[in-house]
Amino acid sequence: MSYLAKNYNRKKISFKYGKGSYLYSSAGKKYLDFVSGIAVNSLGHSNPKLVKTIRDQSKKLWHVSNAFQIPEGEKLAKKLCKKTFADYVMFQNSGAEATEAAIKVARRYFYSIGKPNKNRILCIKNSFHGRTLATIYASGSKKMTEGFGPKVTGFDHFKFGDHNSFKKKITNNTAAIMVETIMGEGGIKVIPDWCLRELRAICNKKKILLILDEVQCGIGRSGDFFAFEKSKVKPDIVPIAKGIGGGFPIGAVLMNKKVASAMVPGTHGSTFGGNPLAMSVGNTVMDIVSTKKFLNNVKKSSKYFLSNLNKLKEKYSSIIKEIRGRGLLIGIQLHQDQTKFIKKLMDKKLLTIRAAENVVRILPPLNVKKKEIDIALKVIDKVCSEIK
Ligand SMILES: *Cc1c(COP(=O)(O)O)cnc(C)c1O
């Protein structure tokens with residue numbers, strides 16, 4: 001029997017080790033891992049540079065309190081700010097902590113300028129921002145909040161794509177709009193660039209903040225360092241996590257000078273957040289994934305993968321409804337429930353994961369090889385032909 005709580009419906013498989021895009025099961029089978037720990041293992045498994053970083057740093061220093069200077073964190077924060085819209089960074093340990101801290105920053109900003117009643121956050125219904133009490137209510141999902149009352153208040157919701165209801169939901173109490181630039185769990189739904197620009201314009205007009213949750217779609221996953229970059233929009237606050245640690249738990253909130261001014265000593269903290277071990281790994285990931293060459297390669301892999309998936313969509317139009325996504329955050333939306341499809345892919349040694357709206361979510365490591373994409377395409381083709 002298992003002594004782990006039953007809050008996950010786990011597949012009956014475990015892995016002994018991983019290398020690059022592959023995982024090796026305890027039963028000795030080799031799997032192509034296109035889950036990447038849900039957009040976490042951005043450089044695949046046991047990347048030599050990350051192994052070296054963690055080995056070197058672990059001999060020196062793992063953890064000190066944030067009561068002291070942490071040079072590795074200073075370095076990573078500087079890199080993130082030089083590369084993006086941000087002026088300041090606050091390190092956490094996970095995505096939910098980062099989004100929750102983003103909410104705190106937004107509220108605290110309005111408090112600091114004497115407008116404490118501006119404290120409500122406007123989010124997309126059935127989005128995903130994490131599993132803490134506040135973030136489940138931010139997500140506005142019935143399934144995630146059921147049984148966890150009393151409700152955490154301060155969140156309003158609009159339907160994805162419903163621009164009229166969205167505008168009506170902004171009140172004098174609205175502090176910020178928080179959306180995922182690309183909805184991950186929600187079914188790989190991309191917010192179009194024109195729409196991001198419109199959101200920014202509305203936020204400017206109403207003098208409210210724009211929070212773009214890039215926990216899943218950020219750190220090179222979209223082919224740009226941040227998924228919003230192509231739109232030229234500058235958000236105020238951006239929570240990140242998943243990909244930045246390459247498998248080591250790291251979260252962070254990136255913010256501009258204006259809102260960061262509210263985060264004075266004592267307003268927020270984290271015991272583990274930004275410790276030297278985590279920060280060393282983050283620095284190595286950042287050095288690799290933030291280069292133009294690396295990101296161009298993600299774009300190239302994406303183009304190849306997406307165009308071939310679209311060919312499969314034409315070939316199996318009765319099975320595949322739509323190919324979604326950007327970069328290497330890809331969704332195959334099926335006409336029917338995806339459970340059997342994912343199982344069949346796994347039987348053929350290709351690991352994928354579900355998302356809402358019958359979507360098979362595909363998240364290869366960002367340094368995936370063309371021949372690995374070819375293997376995946378072949379497996380997907382085969383499974384479609386068998387289901388037909
Ligand atoms: C995964 C995710 C989170 C939560 O991250 P955790 O590390 O699981 O807490 C928040 N926002 C988005 C968009 C995510 O995909």
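Order of listing sets the numbers, starting from 1, for every ligand and every atom in it. Throughout, numbering of the chain's residues begins at 1 and tracks the sequence. Quantities reported herein were computed from a predicted structural model and do not represent experimental measurements.
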#### Entry: Glu97 N/O under 3.5 Å from ligand 1 N/O
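For ligand 1, there is no N or O atom that lies under 3.5 Å from one belonging to Glu97.
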### Query
Counting each atom of ligand 1 from 1 as listed, which ones have a heavy atom of Gly130 under 4.0 Å away?
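Taking each heavy atom of Gly130 in turn, ligand 1 has 4 (C), 10 (C) under 4.0 Å.
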### Task
Any atoms of ligand 1 less than 4.0 Å from a non-hydrogen atom of Glu180? List them with their elements.
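Answer, ordered by atom number: 13 (C).
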### Query
Can you find a protein heavy atom closer to atom 8 (O) of ligand 1 than 4.0 Å?
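False for atom 8 (O) of ligand 1.
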#### Entry: Test ring pair (Phe, Tyr, Trp, His ring centres under 6.0 Å) applied to Tyr22 and His45, step by step
CA-CA 7 Å; Tyr22 288 96; His45 298 282; 9.8 Å; no
### Message
When you measure from the centre of the six-membered ring of Phe155, is the NZ or CZ of Arg107 closer than 6.0 Å and no more than 45° off the axis?
### Response
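Relative to the ring axis of Phe155, which defines the angle, Arg107 lies inside both limits.
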### Cluster companions of Leu4 among Ile, Leu, Val, Met, Phe, Trp, Tyr (side-chain spacing under 4.5 Å)
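Direct or chained contacts put Leu4 with none.
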### Task
May I ask you to identify the nearest protein heavy atom to atom 1 (C) of ligand 1, giving residue, atom name and distance to one decimal place in Å?
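Minimum-distance protein heavy atom for atom 1 (C) of ligand 1 reads Lys242 NZ, 1.5 Å.
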### Task
Quick one: look up the protein heavy atom nearest atom 11 (N) of ligand 1 and list residue, atom name and how far away it is.
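Looking only at protein heavy atoms, the one closest to atom 11 (N) of ligand 1 is Asp213 OD2, 2.8 Å.
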### Task
Decide, yes or no, whether a salt bridge links Lys340 with Asp347 under the criterion of side-chain N to carboxylate O below 4.0 Å.
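Between Asp347 and Lys340 there is no salt bridge, as every charged N stays at least 4.0 Å from the carboxylate O atoms.
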Anything under 3.5 Å between a donor and an acceptor, one on a side chain of residues 5-14, the other on a protein residue two or more places apart or in another chain? List them.
residue : atom : partner : partner atom : Å
Ser14   : OG   : Ser26   : OG           : 2.6

### Task
Only heavy atoms count here, so choose which of Arg131, His129, Met178 is nearest to atom 10 (C) of ligand 1.
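Result: the heavy atom closest to atom 10 (C) of ligand 1 is in His129.
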### Query
Out of Gly95, Ser94, Gly251, who gets a non-hydrogen atom closest to atom 5 (O) of ligand 1?
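Nearest option to atom 5 (O) of ligand 1, by heavy atoms: Gly95.
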### Task
Please confirm whether Tyr17 and Tyr24 have ring centers closer than 6.0 angstrom.
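So the answer is yes for these two rings.
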### Query
Hey, is OH on Tyr304 packed in by over 12 heavy atoms from elsewhere, all under 6.0 Å?
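Yes, OH of Tyr304 has more than 12 neighbouring heavy atoms, counting only those of other groups under 6.0 Å.
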### Query
Side chain or backbone of Ala96 under 4.0 Å from ligand 1, or both, or neither, by non-hydrogen atoms?
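Both of them.
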### Message
Below 4.0 Å, non-hydrogen atoms only: which portion of Glu214 touches ligand 1? Side chain, backbone, both or neither.
### Response
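It is neither; nothing of Glu214 touches ligand 1.
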